[in-house]
Structures are given as C-alpha cells and as structure tokens.
Amino acid sequence: MADTLFLLLSALTVATALLVVVNKNAVNAAMFLLLSLVGLAGLFVLLDAPLLAFVLILVYAGAVVALFLFIIMLLDTTPGSFKAFQPLTVTAAGLGAALLGFGLWSLVHRAVLPLAPKSVPVPTMKQYAELLFTTYLLPVQVVGFLLLIAMLGVIVLSKKYTEVGERRTENR
Amino acid sequence: MLSNAQFLQLAIATPLGAALIIACGLPKRFAVKLAAVAFTLPALIALWLWSQFPAENAHQYSFLSTTYTGLADFGISLKLGLNGIALPMFLLAALVGAAAGFYALRSGAERLKLYLLLLLIMHGGLLGVFASVDIFFFYFFHELALIPTFIMVGVWGGRDRHYAAMKLTIYLTAGAMLSLLGLIALYVKSGANSFDLIELTDAIAAGGLDVRAQNWVGGLLLLGFGTLVSLWPLHTWAPLGYGAAPSSAAMLHAGVLKKFGLYGLIQIALPLLPIGMQHWAWKLALLAAFGNVLVVGFVTLAQRDLKQMLGYSSVMHMGYCFLGIACYSVIGSGGVVLLMVAHGLSVALLFLLATSVHHRTHSFDLAEMGGLAQKTPVLAAFFVAATMASIGLPGFANFPGELTVFVALWKFSPGLTAVAVAGVVISAVYGLRAAARIFFGPASEQLQRVHARHPPTDLDWREKLPALILLAALLFFGFYPKAISQPVDQALGHSAATQALFAPMKTR
Amino acid sequence: MHPMLNHAILVLLLPLASAAVIGLFLRRQGALAAWISTVTAGTIAAISIILLLHGERFEDSVEWLRFGTFSVSLGIKFDDLAALMLFIVGFVGFLIHVFSLGYMHDDPARARFFGGLSIFMFSMIGIVLADNLFMIFIFWELVGFSSWLLINHYHEKQSAADASKKAFIVNRVGDFGFLLGIIWCYYATSSGGAASTVNFTELAKLTAGGALPHGEWIALLLFCGAMGKSAQMPLQVWLPDAMEGPTPVSALIHAATMVAAGIYMLCRINVLMVPSALEVITWVGTITALYAALCAIVQRDIKKVLAYSTLSQLGYMVAAFGLGSTSTYALIDLPVATVATGVGAAMFHLTTHAFFKALLFLGSGSVIIGCHHEQDIFKMGGLRSKMPVTFFTFTIGVLAIIGLPFFAGFFSKDAILYLAMEKNTAVFAILAFTAVLTSFYMVRLWKITFLGETRSDAAKHAHESGFSMTLPLVVLALLSVAGGYSGVFDRLAGSVAGLVPEPDASGHTIILLVSLAVMTVGASAALLFYQSAATDTLEEKFRFGFSWLTWLKESFDRAYNYYVAKVQQRVAMLLNFLEQIFLAGLIIRGLAGFVGLIGYGARAVYTGSLHTYVFWFLLGAALLWAFAAGIF
Amino acid sequence: MSTEFLQAVADSNQWWALGPELTVACGALALLVLEILVPKKDLRFVPHLAVLTLLSTLIVVALNFDQTFGGEALFGGLIKLSAPGQVARVFFLLSSLLVCFLATICLPRARAPRVEFYHIVLVVTAALMLLAQANHFVMFFVALETVTIGFYILVSYYRERALSLEAGLKYLVLGALSSAILLFGIVLLYGAVGRVEQGGIVHTGFEYGTVLAFLRENPGNFLATAGALLVLGGVAFKIGAFPFQIWVPDVYQGAPTPVTAFLAVSSKAAGFAVLLTLVLNVFAPLQAVLVPVLSLLAGATIIFGNLSALTQRNTKRLMGLSGVAHAGYLLLGVIAAFTVPWAAGAVWFYLFTYLLASMAVFGVMAYVAGPDDRAEELDDYAQLAKDRPFLGGVLAVGVGSLAGIPPLAGFMGKLLLFVAAFQAQLYGLLVVAVGGVVVSIFYYFGWIRAAWFEIWTPPAPGAAPAPRPSPTALPFIGVVTLAALVLATVLLGFYPQPLAGWLLAR
Amino acid sequence: MTPLLATAPVYGLPSYLFVSALLFAIGFFGVLLRKNTLVIYMCLELMLLASTLALVAFSKFNGTLDGNVFVFFVLTIAAAEVAVGLAIIVALFRQRHTVQVEELNQLKH
C-alpha cells in the first residue's frame, strides 16, 4: 500500500513539476505547481510528517501560489508572451540535463546511507514545540526579524511615495 | 648627541618626515625651505657615516638598529645598518638625492609642493633600500620609492607620458612582484622564519638550500631583479620611461633606484644562492653581453632623441653590471658595486644636463641641435665631462668599475670580454656623437630660431650646484676608487668565505 | 722612498694642478691661464732635465684599487727610457707652450687651450712614468681625451668637431685591442701559479724565467694600442684630420709626443714580443711609412704635408721596433732575452723626430700666422725674405728630416736603414724608397712655400712672428742639428743609446751611400719639377699618377665613411627597428594587446542575460559534483 | 527527550553572550519605533541613531574583544563564541558603520525611504555577526537567508530606478538558486551523518562538530562529500568565486552605492568567515578533495576577475570584478590555512585592509557620482585630483591599497597571504596570483591615471564637452571619515602592529 | 498516531532521495529554460521544496526530528523570499512593463 502510494504521489509530483517547466501559460504553471505541492504533501504524510504536510499546504498552496496567481493576473502577462525555446538554449539545457542525470545516477548509486533505526514513532506536536522553543529558539527569533525585514522590504518596494506621479522610466 | 645608528635612522626619517609635514599643508615657501633641509641632511649624514665606517670589518653591519613594526612573529622588523656593500650605495643615494632635490627645488615645476613631496618620499625610500638589513624592508622601501616615480612620470612627464607611465608601472610592478616571490621563497625555504638578512645567512649556512631550490629561487630573483634593472629583452620600459620622466625623477630612478636589483643580487642572491646563481650565470651573461651590450648599444646609435638615447645607454651599461654578476667572483661583484655608484652618478648628471639642454634648445631632437657650446660653454663642459664619465674615461669613477668587470669577465669567458669591450667603443661613438651634435659645429637653424626668442644663458647656480655635487663625486671616486673598493672588497671577501661552506654541495 | 721620487711625483701632478686651477678659476682670465700653464711646463722641463742628468733611476708604486686578488697600482718606473721620454715631452712641451703664448695670443678661448695643454702634459707624463700596463692604459685614454679636447678647440667649425670625434673613436678602436691584450697578459702571467701582474719589471723577470703562453696574440693585441695612438695602418685615418686643431697642438701632440707614445709603449713592453709578432709589426710600420709618403706628395695644405710626413716617420719607428732581433741585450739593468736593437733605433728616431718635426710644425705655424691663416702652400711663396728666422729654422728642419748628413735625422734614419738591411731586404728597399719620397715632398714644400714670388695677398702682407714664437724655433733648430750626435744622444738616453745599432765599417759605407743617394734623388727631383706657380705643376704633368695617389689617400676615409654610414648606421637602424617594432611593438604591445583582447572576451561573458548566468551556476554545480564524484 | 535535556539546552541559551547582536537588533527596532513617534521633520536624526548604535556596540566589542569567548557552544550548540567570531563582529560592525556613512551621502539624493534602509542594514549586520559565529547548519542557514533577503531588498532599494530593480531581480534569482544549492548540500550532509548518539544525547548532521567527527571517520563518504561541496558552492556565491562570480558586476552596478559597498565588503567577508569555519572546523578531513577544488576556484577566480576587469570603464563594475580577483587571493589564504595555522589570521588581515581601502574608494565614488548618481565612468574622474585634491588623494590611496602597493595596508595583506601560500607550497597558484596582481595594476593604475594625469588634456576639439557633474559637497564629517580611512590604510602599511598583533599573534 | 508504514516499504530512502533530486533537477531545468521571471521564481521554489522532501525523508529514516524542524524554517524563509521577490518583480514591471528575462539586460559587460 505504502509503495503504491509512493509511486503514485511521486509520479504526480514529478509530472506536474515537469509541467510547470514546460507549460506555456504562467497561470497554468502556477496551477501545476499547486498540484505538485499536493503530491509533495502526500509524500510528507507517507514520511510520517503530517504536520509538515499541513503546513506546506497551508503556506504554499494557501499563500504562496495564491500570491503567484494574484501577481500573474495583476501583471497580465498574456499567454502570447511565451516564447519558443531557442535551439541553443535547448542544447545547453539538454547538456545540463545530461549532467544532472549523471548526478542523480551517481547520487543514488554511490550514496552510502546510514542505517535506519528500527522503529521511530511519529513525532508529536509537543516534540516539535519543545525543539522549536528550546534548541531552536534563537533561529526562531532570527526568522522573526527576517519576516520583519521582508515585510518592510515589500512595503518599501511597493508603497506609493507621498509625491504622486509616475516618473519617467530611466533608461541608461 | 645622537649615536651613529640614530643618525642612520634620522637620515631616512628626515625626507619622509618632511614629506609628511608638507602633505599636511605647509605653505609653499616653508615647504621649499624644509625640502632643502631634508635633501641636505641625509647627504651630510651619509658623509659622516662614511667617515665613521670601520673599514676593517666591513663585512659586518655597522650602525645597527632594530625597530619592531608588529610583524616580529614573522621575522619582520625594521632593521637598519650598513655593511661594506651597502655603504657606497647609501652614499650614492644620498648624493644623487641631494642633487636631484636641489635641481627640483628651483625647477619651477607646476604644483611644486606635490612634486617635492613625491621626490622626498622617493628619496626616503631610496635611502631606506640600502640601509635595510631586513630584506622585507629592503623591498618595502624600494616600492615606496617606486610609486612616486609613476605619478611623477604621469603628471610632470614629457612626450608619451601616459603610455610611458603605464608601461613603467606594469613592468616594474611585475619585476617587483617576481622578486618579492623570490624573497619570500628565501624566507620560507631557508627555514630561518625571518627576513633578517643576517639570520637568513646564518640559517642557510647551517642548513643550506638544496640545488633544485637554489636554481628556482635564483632564477626567480634574476627574472624579477632583471626586469627592474632592464635586462634584455625586458628592458623596453627603460628608454621610454626615462624619455618621458621629469628630470629629478629620472635622475633618482636611473641613478639610484634601478640599482636595487643589482644590489639585491650582490647582497642577497650571490651569497645565499651560490649554486643557483652559477646555474644561471651563462644564460645571464649571454643575454647581457649580446642583448644589453651589443644590440642595445647599436640601438642607442640609432636614437635621435637625447633622453631616449640616455635611457638606452643606461640599459647598455646595465649589461656590464650583469656581466660582472655572472662572473660570480669577488672581482666581478666588486666591479659591479663600483660601476653602480659610478653609473648612478654619471647618468643622474646626464639626465640633469639633458634637461638643462632642453631649457635652452626647446628640443630633445639631436638632429635639430648644434653649436650650443658657443653660447653655453660651461654647460658644454659639464656635459662633456658627464659623457666622458659614462663612456668610461679614466679619472671618472666609471673607469675602474668597467675595468674591474672586464678583468673579472675574462676569467669567466674571454670571448664575452671581447664583446663587452667592443661595447666601450660603441658607447664612445654614441656618446661623442651626441655631445658633438648638441654643442659643436655651427649653430643650427632651429637653435637660432629658439635663441632669437629666448636668449640663452649659461648654467646658473641652481643647475651648477647639483651638477657639481655629482661631478665632484665622480672625480673623487675616479681618482681614489679605493675609497669604495676597500669596504666592498672586505665585505665580498667575507661572503666568499661563507660561500666556501657550500663548496661540497656542488658535487651533489 | 727614493729621494728623487718626489720630483717625479711633482712632475706628474704639477700639470694636473695647473689644469685644475685653470678649469676652476681662470676660465675668463686667458693671459693668467697661459702664464700659469707655461710656467708649469717650464718647471716640468727643468725638473725633467734635473732628473735626467741626476742619473738616479728608481721605481715605486701604491695600490689604487683592489678587489680580491685583482689589484691595480699606480707607480713610477723611472729608468733611462723614461728619463729620455720625459725630457722630450717636458722640453719640447715647454717650447711649444712658449710658442703658443704668441700663437694663441688673440684667441678668445685661450684659457681652455692652455688648460687642455696642461691636461695633456699630465696624461703624457703619466704614460712616461707608468710602471704597469693598467696605469699606462689609464693615461693612454687620458691622452686620447686631451687630444680630443685640443683638436676640438675651434669647436664651432664642423670639421674640427668631426675630426676630434674621429680621433677619439679611432683611438678607442685601438684601445679595444690594447685593453684585451692587457687583461690577457694579466692572466697569462699567473699561469705558473704566481700572482698576476702587469708591472713592467715583474714582466721582465717573468719573461726572463720563461716565455709567457699566448705570447704572440698578447703582443699583437697590445700593439693594437700603439696602432691607434701612433696612427699605424689601418687606424691612421685620424691623424691628418687632427690638423684641424691649432698648430701648436699639432706640433706637440700630433707630431712630437703623443703619437710617439705608441712607440714608447712598445719599447716598454718589448719583453713581451715574440718573432712572429715582430714580423707583423715590421710590415705594418713599413707599409704605413710608404703609404703616408705617397699621400704626402699630393697635399697642398702645409700642415697636411707635415701630418703625412709624421705618419711616414712613425711608420719608420714602428718598423724599426719590429726589426729588432731577439738576441740578448742588456736593457737598463736587467737581462732581457728579447728585442732591444729595435728599441734603440726606434727611440733614437723618436727623439730626433720630436725635435725636427716640432720645429717644422712650429715653423708652419709661424708661416700660417704670418700669412693670416692661409694654409695652402700654392698661395704662399717668397716668404724667405719676409720671414727670415722662420725660413732659416724651417730649412734646418727640412734638412734634418730628409737626412742630410750631419743633421740629426741623418743619424737616426741611418740606424733604421742599417737595421732593415741587416734583417729584411724587402723592408729595406721599401724604406729606402720612402726616403726618396720624403726628401721629394719635403723639398717641394720648402721650395714652394719659401722661394719664388708671392702668390697671394695674404703672403704679400706676411711678416715675421714675435720673439715668443721665434725663440722656440731657434732652440729646436739647434736640437735638430745636435740631437743626432752620439755625444748628445748618449747623454740624453743613457743606456738606451747603447742599443742603437752601430753599423760596422762596410755596412756603414753602404748605408751612407744609399742614404745620400736617396736624399739626393728625391731632393733634386723636387727642385727640378717645381717652379714657383699658383698650381701644382707636377699635377698637371702627371695627372693620372696624381689622381691615383689622391684616390689612394682618400680610399681609407671612403672605406671608413662607407662603414659608418652604410654598415654601422644601417645595422643600428635595423636593430632599432626590430627593437621598436618587433620587441617593444609586436611582442610587448602584442602581449599586452592579447591580454587586453582576452580581457574583452572575459568582459563579454557578462551578457546581462540571466539565463546565461544560470548556466554558469549549472557549470559550477556540475564542477563541484564532479569533484565530489572523484572525476578530477 | 527528557526534561533535563531540554532544561540544559534552555540553560545554554545565554542571551548575554549575544549582547552585540541584540543591541544592534534592538537599535533596528528602535528606529522603527522612532519613525512612528517622531515627527517627519526630525527624521534626519534617524541615521545618527543607527550610527550611534553601531559605533557604541563596536566600541564595546572592541574593548572586550578577548573577554567574552571561551570557545564553548551556546544555545544548544547553535552558536560558538570564538576569537574569529569576535574578529568578525568587529569587522561587520565597522563595515556597517561605514555603509551607514555612505548612506548618509547617497540616500538624501534619491527619492527613497530612509529609516527602513538603516533598519535593514542593522538587522543584516546582526545576522552577519550570527552567521560568522554559527555552529550549526540551521542557524547558519537562517542567518544566511536573513542576510540574503536583506540584500535583495537593499539592492533593489532605489525602486524608481530600473537598474536597481534589475540588479535586485538578478541577485534575487541567482541568490535563490545558490540558496537552493546550499540547502541541498546541507540536507545531504544531514542525511549522510544520520543519527549519532553520544552519551545519551542524540546529535544530528546539522551540528558542525558532529559533521567533523563523521567526516574524520568516513572521509570517503560520497554523500557527505557532495553535500560539503554543494555547501561550498553556496558560499562561493557569496564571495563571488568562479564560476559563481557571474552576478557580481551587474548587481554591483545596479545597486545603490552604499549597498554595493556593503555587498563588496560585508557579504564577501561573511562568505570568508563562513568558509574559514567550514573548511577548518567542519570539512577539514576532506582536505584531499577540498584543496584541488579550492585551488581551481582560486586560480580561475583570480584570472577571470582580473581579466574581465582589465577593460572595464564603469567604476562600480570595476570594483566588483576586481573584488572577484581579491576573493581569489583570499581563497589562496584559505587553502593555505589547511597547513599554515596563521593563514586564517592573514585572511582576516587582508579583509580588514580591503575594508578600509574599499570604503575609502566607495566614499569617493559616492561623492563623485553627482546628484543623480550617474557619474560612475572612469571618464568622470578626469581632473578630479586637480579640482578636488582631497578626493583625488583618498582615491589614490584607496586604489593603491587595493592594488597592493607598498607602503599601503593592502600590500601587507597580500604579503602575508603570499607568505602563507608559499609556506603551504602553493607555487602554481602563487604564480597565477602574481600574474593577476600585475594585470590588476593596469586597471587600478588606469583609475588613478584618470583622476590624476588627465589634467591638461583639453576637451575634444569641435564637440562641445558635456558639463561635468559636479561632485557633491564634502561635509566635515565626510572629510574626517575618509581621512581616517586613508590614515589607517597608510599607518597599517608602515606599522601593522595594531591589527596584525591582534589577528595573527594567537 | 501510529506509523502509516508499518511494514518495511520497498521504496526506501534512496527512492525518496531520487525523487527529491529529480525535483531539484527539474527546478534547475526550469530556471534554465523559462523566460518568464514569475515562472523562474516558481521553479526556484520547486528546488527549495525538493530539498525539504529529502530533509523529511532523512529525518524519518534517521530518526531525528531536527530535519523536520528545519523544514519549518525553510518554508518560512521561502515564503519571505517569495514575498520580497514578487515585490521586486512587480516594481520592475511597473518600470519596464515586462517580466521577460531577455528584456531585462540593461546591466551588462
């Protein structure tokens, strides 16, 4: 059962990820990304991390992809703006693909993985919380600051200045 | 009363300190006065130290003093002192520096304060080069003196000054970097963990460098120093740079700073890397004899521009120095030291006078000149004296130097000696030809045109004084070369004795 | 320290002091400078006579320079040879100083002239007193310099500037060999394990003990120096040109003393000579003597004639030196196993030649002054009555040089001819023929200048020179007569005089006849051919022969000019071209340009396109992965 | 997980040890509060507060530089106070201080909010300090990302200028890419190390010490090696090492000048701080792989940086590309640090000299750039030395120090690196480095030439010369700051004791 | 909760690792190929997520929770990155009216 689920979910994840790459339409790409996330979340569940799966869906599907979609709509990049891949690009990308394929092959074949412990209980919420608020308290604080400056940055980059009026595009 | 070691420190500190004060915004008329003092004092101190130098143990450093600059852990400290080889070079630097300084003081250059400032830095660096026992500071002071050269060429230079400054900078930096690598190699390979030449020598004497390392480090030093001293075919910066440089900078660089490489080879490379230097001796000698002496000698014949010609002739004379070093003998090295001092004085004098000639002809083109001696007999006399000195007339210091080099060279290779001596004929041809073109014969049209507008005057005291300093030194050492040869011989003889330690290694 | 040593040092340093004083302080006080220089020269002459007659001979030296085993000493070797030469230099020099007082009286650059004369005296005396080859070389060069200075006296004239330059450079060419020879000799002496030396006394000891290796080459290289200074073929080209200098200079330097320095130097190093080298030296001298005599015939300039005659006489001396045998003679106080007869004959002729050639030059100077700087003999004529003292003394000079019996030249020339007859018939024949030519051109000169009618305004207004100029003429005329008698010469030359070959009775007769014959033939031919005329009558008759001789005279100059203009300068231009275009241009600038080009290339990869940048990252990731996978 | 363990961990959260970071972060927060409280017209005091915060922290840290660390790991092993960490603190504080100084020149000229800028700079500074002291990959990644995201914003801060935004976008994409690579590397390391139980306490592959111990025992582990190298790839992006240097010139050119300086100095130094820690303390057993990798990177970086800078005319790009070359020299020191213990100190010394010189040059650039920040071509520097001798002098000293010309501090830095490299027997790289220095002379000297020699060059005949943008007026504080930088550069060249004694004598 | 995978699965850690690497590669690939900055950005997110998959898998098979906790941080950071990134893209679009990469190359050489 688990194996079947793994196959299904990983196929879904990989296939939709591929579609994100090759799809012409940005909106569709975002939708496929969403699907890919769902597959990933499923894999998380398979790996005994339902909490993470939940967070993933919440944060990514709920916020990030929505944001993407929102921006795509806002910027109104029509599907026509998709340009065909140029031969050179495809060649180079093919070369890159070959390299990456080699990398994957070697990763799986040559990796010496540590032995897994016999049985591991599914981590509980409490364990997450304990870790986050004892050992990882400092990073949590730092991430707080990170979010703060990200927020400020978004404001700085988007806020209208008090003086109204578009300035001419600088071309230099 | 200061001790002699403190005098030595003072000699180096004076120009640098004066430069600092001027940089802080001293008004111009005070700056000129201060600079005059700062140029004079080191010369006086150098003469005093010369008189105080204990000639009988010239192989040891006298007037030693050590100042720590924070890199003592790396074996770097500002250690000053003079031995028999350094003493004449120090004196040379002080004298030429004084002459160049006096010439600059009244040169009326634009932005005179900056000019003097840079010249003072250069002077301080030069004095430091030859007074440094620590080879790090030996290098450091060289660079300190080198930087103002670039700026002076670039700002106050003549024709092609931008290209010349750029070429000069890149060549000399490349040479300096290579020699720095060589010095670092010595530092690391010797195991002394110190840049102090005395400790380095002791460490190498105790441990010794293997043949391979000696060959490599020797080659590195030769390449680096060779570039700095314009070994053929790495010389093309020299004529161009000197052609463009303002007079005082050319005097100091061609006269003194260029000797850095040769001094380094004699003081450092020859005693520490006996096998390595012998390994390269023939290649060096061939390059110097055929490249520097013959080819550049002929090229000098073809020059029309006075300063270019002086630049090339300086390159040619460096060939003799390299030949002397290639001999790897006390005679050869001693001759080179003597020749360095002599060449330094004479080439500085020539550059000074070339500028004076230019003031009166408004041209450096030999083809346009002629008959200047009728209006300026004293200038002609000085110029002839300088030319005669540079072509090795007895009575001037160059002669004993060249003679010694030739004598040493004969033992190395009689064939190359013939080539080198043939160079003496070539130098006589271009030297006399230049003097004759400028001063003798009827006055040229160009000259008459210039003189119609600017009536010429003979040398005045601001030109005469520096020229006299140099000429007097040339004559003194020409008549009494033992003044130099005695300490140098002592110092070299001792290093020859240390080299005997390495004799068994040659069989390896 | 020898008690007379300080005299010798004084004699050496006095002229230096005089020159220094003049150069530093008396640049504008010509009269004072002239007097100081002349008084110095007088003192030198006096001391040299004292030293000569005092009879003390000594040597001493101090170290001048030492590096390791190499040391150069400055020293004085005062033997009979040096005493003779010092007397010639000092005395003739003094007379010429006195002459110059009058001759240069109106010259604006008098101070420079007399300063130069003092430097010359210093250098020449240095050569005379030197006790080793390095020291000789030092003063050798200085003599070259002072010669340059004095030839260049009228420096505003292009010809003077060129002539001085030529003199210096040609001398340098000779010195090239000289210096190599000295250094070779220096090392050759140490072959037996002894310390290297070039001290004359030591050299003599060494050669007495056993011959030096490479003796032939060393001797010939050293002879190169003499070739330059004594203007032997093929380095003779500078001497005629050197007549651009003031006439007293020509008399002092280019006739009496400096050019004789080569002969003197050869005599100094005679211990180093070997037969094969001597053979070469003989022929060089002989050919020079003949060639110069031929050239003298076609000259119109009074000084040029004398210059070529000097060349010819120097050839005689060199040939005489070369003809010397290697039999054992005692030179001074050392046993010497080499030439000596040559030394005697050469020095004898050198001495007499110094007197009469100085006389002739000074006489010509007097004529030139009298004729207001006219030098063409065909524009003179009839000066006998206008300048009686000059005429009288000049005549004595001419008689001396053509070898009229009972004049000085007769004795010395006879000695040389006798030597040649003994050793080498071919040389003898050529030298005898040269003697014919000598008397021919000298009598021609004399007749055209002084006899007949005046042929130019300058000559018409000629007048006798002042006392300061005639006095030296008279003194030199006396010496030109007396100098050849053994009573005088033995007094002057001491033991050197003993080396002059004395022909036996039969040889004596033959030589006497031959020399009388050649003199008579030459002189009478000249008297016959030449009448007083504004043009060269002989030239009109023998146009072909004349033009051939002229061509011969100019051929060397042409060859040298061709070398300078077409070979040397073109090589220089070619090398310069290669240097500028190939080395500085193609290689250095090319390298810089190449690096710059790569720089442009490296700059061009920053395309600004994000995609290409991502490819770089891919490359980097792949590279890292490859390292991790152990591919590299 | 036992309560005792958690208690112990919680006890190790000694916040006092992070005093400087906390002070700076609190200063940042205070800025925001002030913005709300203080009326608009008084907002010009805000930068002063930022400077004050940094300065006071710097002084406190510098005075206590050897008292607060004992080498123990705090925060459950997330942070380790150490001597290099203390050096890094001083470095980043000083650098940020100067960036704020530059910002006071540049920001008023642009229509951009100010308070936020200083706030982000302060937060990034704190994150940089944490980054240098991180002892744990989670802490490392979080701090790194804080820095990176801060830089995304700062680079595109002039949001009205397309170039700034384009630079921001490029930095964003490439930065995110490198973050992804780095993260993947961390994950691989985590996976490779697995679970290590020691004395009842479970350690993971996130902890530096654990990774080190693991690698000691399994130096040939492919997964760990790949992970380590990918992490290094991420760091290489920060320091701008080949082939991850490709973003440098574009981003440097587009970013506001203070941010360019911040990137050039702090970001690069952070990369090296991390690299030194990782290479010496974490990946040390992988020396056999790391040395060739780093050598290749160093050589290629030096060559590529110098060559591409050779013909560059834009000063900001020039600084970027030459900075790439400097990264190459520094890598030399990092490689040498494997065998020569003091080489790490030499790297820091070099970074300090680079800081002083770069900031001086950027200061001049900020003044020369003119009111619209456009004068940044070499041609714009013509006659500078004549018109503004002070700026010309500062530029000459700064550029000279960057070029490594004695007697300036940059030379001492290069010398120490070269000596270290020589002792480590990196001969091939030394040759490359020397060649690079020679090439670099060309463009550095070209800059000095532009400012100093182009004095009497008349404008091109015929064409009316475009009016030169006049440099911004130089306030007193600017003179003092630049003069201090120059003085420090010169003094350290003559007398490196203050810095060298501190960095190298341990 | 009880583990879902009570029985030992066929597809163990290597398989998850493979999927993760594949996702990473695909993301990289997208960054290489796509011209729309928004899509490029999505692909970058994909790469980050690929890492989280490996992280979770390792965490599970190692039996340490730290990997999972790290995922929290990664997700948070990724979200922040997206926010900032999108803000930049929007601002850029306002200036240049394009989100195509090849038109955003004014900074070059």
Side-chain angles (χ1 to χ4, degrees), chain D residues 1 136-138 141-142 144-146 148-150 152-153 155-156 159-177 179-188 190-196 202-207 223 249-254 308 311-312 314 317, chain E residues 13 16-17 20-21 24 27-28 31 37 40-41 43-59 61-67 69-70 72-74 76-78 80-96 99 101 103-109:
Chain D
M1 259 173 266
H136 191 281
F137 276 115
V138 172
F141 188 73
V142 168
L144 186 75
E145 284 303 300
T146 311
T148 311
I149 288 175
Y152 295 157
I153 301 162
V155 168
S156 42
R159 63 157 208 196
E160 298 200 333
R161 296 184 186 175
L163 291 188
S164 177
L165 287 172
E166 185 185 324
L169 181 75
K170 283 178 174 168
Y171 191 61
L172 176 76
V173 171
L174 297 173
L177 192 59
S179 292
I181 293 173
L182 179 95
L183 180 62
F184 203 72
I186 293 177
V187 170
L188 289 186
Y190 172 70
V193 173
R195 177 193 178 93
V196 180
V202 177
H203 292 283
T204 66
F206 286 140
E207 286 162 60
L223 209 57
D250 287 4
V251 174
Y252 277 38
Q253 187 189 352
S308 47
T311 55
Q312 190 53 256
N314 181 297
R317 295 181 79 88
Chain E
L13 186 53
Y16 282 97
L17 205 52
S20 161
F24 190 86
F28 209 128
V31 179
T37 41
I40 287 178
Y41 217 66
C43 294
L44 286 168
E45 295 306 313
L46 211 53
M47 289 172 76
L48 283 180
L49 291 175
S51 305
T52 57
L53 176 60
L55 208 49
V56 175
F58 280 134
S59 187
F61 288 98
N62 282 350
T64 51
L65 195 53
D66 301 64
V69 172
F70 193 22
F72 274 106
F73 291 112
V74 173
T76 320
I77 290 165
E81 219 175 66
V82 167
V84 172
L86 288 178
I88 291 173
I89 292 173
V90 170
L92 195 57
F93 184 81
R94 281 199 201 149
Q95 294 280 343
R96 303 273 282 270
V99 289
V101 163
E103 290 167 36
L104 297 172
N105 61 349
Q106 288 194 348
L107 294 165
K108 59 184 167 188
H109 304 314

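Numbers restart at 1 for each chain; the letters A, B, ... are given by sequence-line order, proteins then strands.
D/Phe184 touches chain E through backbone and side chain together, each having a heavy atom under 4.5 Å away. Both the backbone and the side chain of D/Ile181 come within contact range of chain E, with heavy atoms under 4.5 Å apart. With a 4.5 Å cut-off on non-hydrogen atoms, E/Thr76 does not touch chain D at all. For E/Leu55, the parts lying under 4.5 angstrom from a heavy atom of chain D are both the backbone and the side chain.
The line from OG1 of D/Thr146 to CZ of D/Phe141 is 9.5 Å long, rounded to the nearest 0.5 Å.
Relative ring orientation between E/Phe73 and E/Phe70 is described as tilted, the plane-to-plane angle lying within the 30° to 60° band. Between D/Phe206 and D/His136, the ring-plane angle classifies as tilted under the 30° and 60° cut-offs.
Contact count against chain D (heavy-atom pairs under 4.5 Å) is highest for E/Gly67 among E/Gly67, E/Ala87, E/Ala54, E/Cys43.
Taking D/Gln253 as the reference, D/Arg317 meet the side chain to side chain donor-acceptor pair (under 3.5 Å) condition, with sequence neighbours excluded. Listed by chain and residue number, A/Tyr60 satisfy the side chain to side chain donor-acceptor pair (under 3.5 Å) test with E/Glu45 (two or more places apart in sequence, or in another chain).
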